[in-house]
Amino acid sequence: MQNSLLIMWIILNVIVWIKHWDPYPFILLNLMLSFQAAYTAPIIMMSQNRQSLVDRQSAEHDYQVNVKAELEIELLHDKIERLHDTINTWREKEFVEISKMLKQQQQYLQGMEENFRK
């Protein structure tokens, strides 16, 4: 939109031979563009400041979420370690019990073998 207005302004001032309201160096056009830049720049700067504030808040929120996730992962890791230790303890107990049962069965079989030989 702005480009088309600028092109029309220049064309009308170059082609129209009578009543040039802004002759070739286009001083009036330059003045209007400078005015536009002067009032647009602070608005853009305020918008960028607001956006940087939003970005900082978003980064802080992401950091807090990451810290919480790290704590949860550590808790899960501890639970898995405890579960692993519990399972290993249970396996050791089972192994001891099975060893005792095997010894009892061997003694029982040896006793039966002695009885059978007599």
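Index from 1, following the sequence.
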Under a 4.5 Å cut-off applied to non-hydrogen side-chain atoms, are [X] and [Y] in contact?
X: L53; Y: N49; result: no
X: I27; Y: L31; result: no
X: V96; Y: K100; result: yes
X: I7; Y: Q2; result: no

(request) Only counting residues at least two apart or in another chain, list the ones meeting ring pair (Phe, Tyr, Trp, His ring centres under 6.0 Å) with F95. (result) none
(message) Run the ring pair (Phe, Tyr, Trp, His ring centres under 6.0 Å) test against Y39 and tell me which residues pass, sequence neighbours left out.
(response) F35
With rounding to the nearest 0.5 angstrom, report the [atom1] to [atom2] distance, [X] to [Y].
X: L29; Y: L5; atom1: CG; atom2: CG; result: 10.0 Å
X: D85; Y: W90; atom1: CG; atom2: CH2; result: 15.5 Å
X: K103; Y: I98; atom1: NZ; atom2: CD1; result: 13.5 Å
X: I73; Y: I80; atom1: CD1; atom2: CD1; result: 10.5 Å
X: T89; Y: R82; atom1: OG1; atom2: CZ; result: 13.0 Å

(message) Checking H61 against Q57: is there a side-chain donor and acceptor pair closer than 3.5 Å?
(response) no
(message) For a quick check under 3.5 Å, do Q64 and E60 share a side-chain donor-acceptor pair by atom type?
(response) yes
(message) If hydrophobic clusters are built from ILVMFWY residues whose side chains come within less than 4.5 Å, do L12 and L28 share one?
(response) yes
(message) For residues L33 and F26: do they belong to one hydrophobic cluster (side chain heavy atoms under 4.5 Å, members Ile, Leu, Val, Met, Phe, Trp, Tyr)?
(response)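 Yes, same cluster.
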(request) Using modelled atom types only, decide if a donor and an acceptor are shared between the side chain of S58 and the backbone of V54 within a distance under 3.5 Å. (result)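 No: the side chain of S58 does not pair with the backbone of V54.
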(request) Spell out, as yes or no, whether a donor-acceptor pair under 3.5 Å connects the side chain of S47 to the backbone of I43. (result) no
(message) Going by side chain to side chain donor-acceptor pair (under 3.5 Å), name the residues that satisfy it together with D55, two or more places apart in sequence or in a different chain.
(response)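 D55: side chain to side chain donor-acceptor pair (under 3.5 Å) contacts with Q51.
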(message) More than 12 heavy atoms of other residues, nucleotides or ligands under 6.0 Å from CD of E70: yes or no?
(response) no
